[in-house]
Amino acid sequence: MLNNVALSVVMITLNEQDAIGSVVQKIREVVEPGEILIVDSSNDKTAEIATALGCRVIRQHPPQGYGPALGLALKEAVGDIIVTMDCDDTYPTQAIVELMDLVEAGYEIVSASRLVTRPRAMPASNYIANVIFARLAGIICGVKTTDVHTGMRAYRKSLIHEFEFDPHGMALPVELLVGPVSQGYKYKEIGIEYFERTGQSKLQPVPGTCWTLKRLWKWRRR
Ligand SMILES: Nc1nc2c(ncn2[C@@H]2O[C@H](COP(=O)(O)OP(=O)(O)O)[C@@H](O)[C@H]2O)c(=O)[nH]1
Ligand SMILES: [Mg+2]
């Protein structure tokens, strides 16, 4: 286990009481972060469980949506390395170590792709949409990636504070990838496994698609 005070693991939560205990435990099995930061907009017991487990919890009520919650979490994180994950047991926490090592080696953004091979845990419609979005990122933005929407990434803190991103609406991970990479930040993608979700997905496919296309167009190569 790595004891790393410079690491913040950040997650945003909307009614993840069935997953949070297991996710926090699995994080601590592989690293001992300076903080596990949760921006919570739940109306279940997620925040209480997170607090009891020693996480730093910021409440965002009423819920403002995915982008504003993730934007707040990233800005509030204190670690020099910030790792994001969903709080739904879909991401392999062992990958945190590789993500951290790569940021320590000099990369400013390291993205964990779920789509190097087809993940069985992802519904076919989501898989097809994600493959198309990744191809469009190459065509429109000139950014080589297989997964613009992964929730698992490591960012160097300086990138989060220098790079001006728009947290409104959905698809913030898209902007946080194609924006910095088109501006020349040092980027690497690794492959990860992707597991079946605990609890219900909060994904909203139609606005999610609109925001994805909008953000890809915003960062089109000129
Ligand atoms: N605080 C907060 N968290 C949210 C909101 N919407 C989604 N989340 C969390 O964001 C993460 C990603 O959502 P998820 O349902 O897993 O989306 P999917 O992975 O695309 O199916 C989960 O941890 C959710 O609980 C929101 O409006 N506010
Ligand atoms: Mg998820």
Side-chain angles (χ1 to χ4, degrees), residues 1-12 23 26-37 67 70-86 90-117 119 130-131 133-167 171-194 212 215-216 218-221:
M1 169 170 337
L2 292 176
N3 182 342
N4 202 314
V5 287
L7 172 68
S8 292
V9 177
V10 313
M11 294 182 286
I12 62 170
V23 175
K26 286 177 188 163
I27 292 168
R28 293 198 175 125
E29 280 168 11
V30 288
V31 284
E32 201 177 310
E35 64 176 357
I36 299 178
L37 171 62
L70 183 60
L72 177 64
L74 291 168
K75 293 283 185 196
E76 284 289 327
V78 298
D80 297 319
I81 300 173
I82 304 169
V83 169
T84 62
M85 286 175 39
D86 286 4
T90 50
Y91 289 97
T93 54
Q94 299 89 319
I96 295 173
V97 177
E98 188 180 354
L99 293 172
M100 275 176 62
D101 286 350
L102 287 164
V103 175
E104 279 177 352
Y107 291 98
E108 291 165 295
I109 169 166
V110 187
S111 195
S113 170
R114 305 160 295 175
L115 302 166
V116 173
T117 54
N130 276 311
V131 169
F133 294 151
R135 297 245 168 100
L136 286 176
I139 296 164
I140 300 173
C141 312
V143 173
K144 199 165 171 273
T145 175
T146 58
D147 189 0
V148 288
H149 265 293
T150 177
M152 188 171 210
R153 299 232 179 97
Y155 302 93
R156 188 178 286 267
K157 182 164 70 179
S158 51
L159 179 152
I160 293 300
H161 291 273
E162 283 163 23
F163 174 71
E164 278 182 40
F165 60 85
D166 172 15
L172 181 55
V174 178
E175 171 138 338
L176 285 172
L177 180 72
V178 294
V181 176
S182 6
Q183 288 194 350
Y185 283 91
K186 236 184 138 200
Y187 154 67
K188 188 171 175 72
E189 185 169 276
I190 63 167
I192 53 162
E193 269 191 274
Y194 185 67
T212 300
R215 290 183 189 276
L216 290 175
K218 175 180 171 186
W219 292 101
R220 65 193 178 276
R221 67 184 144 180

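Predicted model, so just to flag it, every value in this text is computed and none were measured. Positions are given from 1 along the sequence.
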Pairwise distance CD1(I12) to CG(D86) - rounded to 0.5 angstrom: 7.5 Å

Matching residue for C141 among V181, L216, L136, V148 - test: side-chain contact (heavy atoms from CB on, under 4.5 Å): L216

Where M100 and V31 come nearest, the two heavy atoms and their spacing: SD-CG1, 4.0 Å

Distance, nearest 0.5 Å, that separates CG of L37 from CG of L72: 8.0 Å

Residues in side-chain contact (heavy atoms from CB on, under 4.5 Å) contact with A95, at least two apart in sequence or another chain: P92, M152, I192

Side chain to side chain contact (heavy atoms under 4.5 Å, CB included) between D166 and R215, worked out: CA-CA 9 Å; D166 172 15; R215 290 183 189 276; 4.2 Å; yes

Salt bridge (charged side-chain N to carboxylate O under 4.0 Å, His left out) partners for K186, two or more places apart: none

Min side-chain heavy-atom separation T145-Y187 under 4.5 Å: yes

Min side-chain heavy-atom separation L177-S111 under 4.5 Å: yes

Which residues share a side-chain hydrogen bond (donor to acceptor under 3.5 Å, both in side chains) with T146, sequence neighbours left out: S113, E189

Partners passing ring pair (Phe, Tyr, Trp, His ring centres under 6.0 Å) against Y185 (at least two apart in sequence or in another chain): none

Contacts of R135 that satisfy side-chain contact (heavy atoms from CB on, under 4.5 Å) - sequence neighbours left out: V131

Pairwise distance CG(L115) to NE2(H149) - rounded to 0.5 angstrom: 10.5 Å

Straight-line distance of F165 CZ to L70 CG, nearest 0.5 Å: 7.0 Å

Over 12 foreign heavy atoms within 6.0 Å of NZ, K144: no

Minimum-distance pair of heavy atoms, taken over all atoms of A77 and V10: CB-CG1, 3.8 Å

Under 3.5 Å donor-acceptor, K75 side chain and I160 backbone: yes

Taking every non-hydrogen atom, the tightest pair across L172 and G71: CD2-N, 3.8 Å

Which residues share a salt bridge (charged side-chain N to carboxylate O under 4.0 Å, His left out) with E76, sequence neighbours left out: R56

Shortest non-hydrogen contact between G151 and Y91, atoms and distance: N-OH, 2.7 Å

Those residues that, when tested against Y155, pass ring pair (Phe, Tyr, Trp, His ring centres under 6.0 Å) (two or more places apart): none

Pairwise distance CD1(I81) to CG(L99) - rounded to 0.5 angstrom: 9.5 Å

Inter-residue atom distance F163.CZ - L74.CG, 0.5 Å rounding: 11.5 Å

Any donor-acceptor pair under 3.5 Å from R114 side chain to P119 backbone: no

Donor-acceptor pair, side chain of R153 and main chain of P173, under 3.5 angstrom: yes

K157 side chain to V78 backbone, donor-acceptor under 3.5 Å: yes

Set of residues satisfying salt bridge (charged side-chain N to carboxylate O under 4.0 Å, His left out) with respect to K218, sequence neighbours excluded: E175

Partners meeting side-chain hydrogen bond (donor to acceptor under 3.5 Å, both in side chains) with T84 (sequence neighbours left out): none

Which residues share a side-chain contact (heavy atoms from CB on, under 4.5 Å) with T93, sequence neighbours left out: K26, I27, V30, M85, I96

By side-chain contact (heavy atoms from CB on, under 4.5 Å) - contacts of I139 (at least two apart): none

Those residues that, when tested against T150, pass side-chain hydrogen bond (donor to acceptor under 3.5 Å, both in side chains) (two or more places apart): none

Beyond-backbone contact of W219 with V174, side-chain heavy atoms, under 4.5 angstrom: no

